[in-house]
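Heads up: the structure comes next, in structure tokens.
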Amino acid sequence: LDDVVRPALEAGGIGRVFTLRTDRDRPLIAVATQPSLNRLPCKVQIAKGHQQALMPHDFSLWAEVDRRRLIQESTMSDASLQETTLQYQNRIIHLVQSLPESYIRSICGAVQGRAKRVVEALGYRHLQVSD
């Protein structure tokens, strides 16, 4: 939050008139994270419940990672598929890091339009977010 999110918000001129809304992902609700959230230049609202519909980019990114994982695994030997949890995690991290920058930019660029369509369709429990 301090190294990436806050500088990006500040560079974009995001101030207190804006609100960062997020769901209850564990890293964001951890006690250790609270000081970083308080240092953001905008207000922060954490939803009362997990609201995946607020983060449509998550679905797109993980669907692409999963698609690539399945392709990769279809070419792996049975012995290679007998990997440890750490090996699997490292493989997934590598898949995430190998996503083309143009793909990441296109997904992030589409978030505003997607979120707007979710709201217009009343497709998430937005009334659970308190001001």
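Only a predicted model underlies this, so the values are computations on that prediction, with no experimental measurement involved.
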Item to check | Side-chain (Asp66) to main-chain (Trp62) donor-acceptor, under 3.5 angstrom | outcome: no
Item to check | Any donor-acceptor N/O pair, Ser98 side chain to His94 backbone, under 3.5 Å | outcome: yes
Are [X] and [Y] close enough that some pair of their side-chain heavy atoms sits under 4.5 Å apart?
X     : Y     : value
Leu86 : Gln89 : yes
Tyr88 : Arg69 : yes
Thr84 : Gln87 : yes

Checklist entry - Out of curiosity, does Tyr103 fall in the hydrophobic cluster containing Leu95 (side-chain heavy atoms, cut-off under 4.5 Å, transitive links)? => result yes
Next on the checklist: Do Val65 and Ile93 land in one hydrophobic cluster if side-chain heavy atoms of ILVMFWY residues count as linked below 4.5 Å?
Outcome noted: no
Result block: side-chain N/O donor-acceptor pairs under 3.5 angstrom for residues 2-12, not counting sequence neighbours:
| unit_1 | atom_1 | unit_2 | atom_2 | d |
| --- | --- | --- | --- | --- |
| Asp2 | OD1 | Arg39 | NE | 3.2 |
| Asp2 | OD2 | Ser36 | OG | 3.0 |
| Asp2 | OD2 | Arg39 | NH2 | 2.5 |

Next on the checklist: Run the side-chain hydrogen bond (donor to acceptor under 3.5 Å, both in side chains) test against Arg91 and tell me which residues pass, sequence neighbours left out.
Outcome noted: Gln72, Glu73, Glu83
Checklist entry - What are the two closest heavy atoms between Val44 and Leu37, and how far apart are they? => result CG2-O, 3.9 Å
